[in-house]
Novice: 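My questions all concern the structure below.
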Number of protein chains: 2
Amino acid sequence: MTIISAEVPASGRARRASGLRSEATILQAAERVFAERGFKGASMSEIAAAAHMPKPNLHYYFGTKEALYRAVLTDILETWLGEADAFVPDGDPAQALGSYVRAKMRWSRERPHASRVFANEVLHGALFIGPYLSDDLRRRVEQKGKVIEGWIRGGRMARVDPRALFFMLWAMTQTWADFAVQVHAVLGVADLSEAAYDAITEEVVAFALRGCGLDADGRPPAT
Amino acid sequence: MTIISAEVPASGRARRASGLRSEATILQAAERVFAERGFKGASMSEIAAAAHMPKPNLHYYFGTKEALYRAVLTDILETWLGEADAFVPDGDPAQALGSYVRAKMRWSRERPHASRVFANEVLHGALFIGPYLSDDLRRRVEQKGKVIEGWIRGGRMARVDPRALFFMLWAMTQTWADFAVQVHAVLGVADLSEAAYDAITEEVVAFALRGCGLDADGRPPAT
DNA sequence: GTCTATACCAGGATAGAC
DNA sequence: GTCTATCCTGGTATAGAC
């Protein structure tokens, strides 16, 4: 992740433990507030309150609101593709796809704020992470797409455009974080239990595998 | 759509053609700006500029920024489920699901701004349309879910939780509007041609049908 | 109904004490 | 490194002429 450079705090030198802890606290609070309000909607005051410290401290550590936002995004992007590396050419398609979907579902569950910040950023034009999407992400999708094309040529899964497949998988998994409010409203619940979320995860996995022409055991279809 | 009441312009009485035209112009401009910037990020000045008229006119017609935003949302919600009524119990599952997905894909293509405003609203907690989601939408999903459950009981499609299915279908279709920037970045194109979008639409339809255990001709699988 | 000019306030950023 | 007090821009909303 070289496109977005995290702000180096004021001094430009390594700081002591208290500073690092403050910084981490701010980042965490900022992620939550940016997720709830968007970039414009979030105020430094609210982030400061969420981080239990006065406003100027935020400026001391990150300079500007925009720099803080960039730091949050950097933090998010560094993990966004972390679980994505299960696509090895020799691997079993059903196994690889299944664990990819499960990893993405877990990410939505464990870092819903991060998912929403990312969604908000892309939704409004990816002004900050645009270069990252067209360079780094594009390259990765291209690579993994080749693996999938290999599987298709080998008759190991249905013919699915690899890029379209990725967009659909991302959408199907991230929607549980990004649109959680809608999910809760339609289901008539205040929250999803771990058990309920696990059940949903298996629904998504099964749906995605069938969508790729694979049954749960990974057997390719007659087609 | 009774939950959100569109603002009745200043006089409270029907206005003449020029007023109606201005109002429609403002709504259209507002939808676009709200889509690009979010509620907070959008400014009345920018909407006014987009509508080619001075700022106070917006307040004349809609009172406040929030009222204008509500009017835009009402407009969007009225069409959001319009195409959703292909789910008739007697219908063919593959045919019903296919035309539903196609309708949603067309909506994403033709009203991307509307889709983004909606996404942004839900993403940030559905503060304005929350009641609509838990009343009207919930009821509709419940109804259509019964139809799907009937199909499953009749062995006409795979066992898929109907609610989960809807969330996935919405996600898979709306992502092409909401995350268009990401799609373009990863594909390395500035825009999608009609032909390219049609091809993607068929990818999504095929994937969704297989996901439901249906092939393109609507034959249920052995399962 | 349409527009110019302006009141008013929220919020980002900084000065400067400790 | 931490915090109080304050500056100042930008943005909603309105007054009031036409």
Novice: Separation of Tyr60(A) atom OH from dT4(D) atom P, in whole Å?
Specialist: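 Value for this atom pair: 17 Å.
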Novice: Can you see if the side chain of Asn57(B) gets near the phosphate of dC3(C) - specifically, an N or O under 4.0 Å from OP1 or OP2?
Specialist: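 Yes, within the criterion.
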Novice: With sequence neighbours left out, what residues match Glu36(B) under salt bridge (Lys or Arg N to Asp or Glu O under 4.0 Å)?
Specialist: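 None.
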Novice: Between Phe207(A) and Phe207(B), how do the two ring planes meet: parallel, tilted or perpendicular, split at 30° and 60°?
Specialist: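 Judged by the thresholds at 30° and 60°, the geometry between Phe207(A) and Phe207(B) is perpendicular.
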Novice: Would you verify whether the NZ or CZ of Lys104(B) falls within 45 degrees of the ring axis of Trp176(B) while also being under 6.0 Å from that six-membered ring's centre?
Specialist: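 No cation-pi geometry.
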Novice: If you draw the axis of the six-membered ring of Tyr60(B), does the NZ or CZ of Lys55(B) fall within 45° of it and under 6.0 Å from the ring centre?
Specialist: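 Judged by the rule, Lys55(B) and Tyr60(B) form no cation-pi pair.
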Novice: What is the distance, rounded to the nearest whole Å, between atom CZ of Phe62(A) and atom C1' of dG1(D)?
Specialist: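 From Phe62(A) CZ to dG1(D) C1': 15 Å.
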Novice: Give the rounded distance in Å between these two atoms: CG of Leu58(B) and P of dT14(D).
Specialist: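 Taking CG of Leu58(B) and P of dT14(D), I get 13 Å after rounding.
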Novice: Which of these nucleotides, dG1(D), dT2(C), dT12(D), is closest to any side-chain atom of Lys65(B)?
Specialist: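 Taking heavy atoms from C-beta onward, the closest nucleotide is dT12(D).
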Novice: How long is the line joining NZ of Lys55(B) and P of dT4(C), in whole Å?
Specialist: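 So the NZ-P distance, Lys55(B) to dT4(C), works out to 11 Å.
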Novice: Side-chain N or O of Tyr61(A) less than 4.0 angstrom from OP1 or OP2 on dG1(D)?
Specialist: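 For dG1(D), OP1/OP2 do not have a side-chain N/O of Tyr61(A) under 4.0 Å.
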Novice: Taking atom CD of Glu46(B) as the centre, does the number of heavy atoms from other residues, nucleotides or ligands within less than 6.0 Å exceed 12?
Specialist: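 More than 12 within 6.0 Å, yes.
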Novice: Taking the side chain of Pro56(A) as its heavy atoms from C-beta onward, which of dT2(C), dT12(D), dT4(D) lies nearest to it?
Specialist: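 The answer is dT4(D), which lies nearest to the side chain.
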Novice: To the nearest Å, give me how far apart CG (Leu68(A)) and P (dA13(C)) are.
Specialist: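 Answer to the nearest Å: 10 Å.
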Novice: Expected output is a numbered-order residue list: members of residues 32-54 of chain B with a heavy atom under 4.0 Å from any atom of DNA chain C. What is it?
Specialist: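 Lys40(B), Pro54(B), in order of number.
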Novice: With sequence neighbours left out, what residues match Ser115(B) under side chain to side chain contact (heavy atoms under 4.5 Å, CB included)?
Specialist: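 Scan of Ser115(B) (side chain to side chain contact (heavy atoms under 4.5 Å, CB included), adjacent residues dropped) gives Trp107(B), Gln174(B), Ala177(B), Asp178(B).
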Novice: So, OP1 or OP2 of dT14(D): does either fall under 4.0 Å of a side-chain N or O from His59(B)?
Specialist: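 No, no such contact exists.
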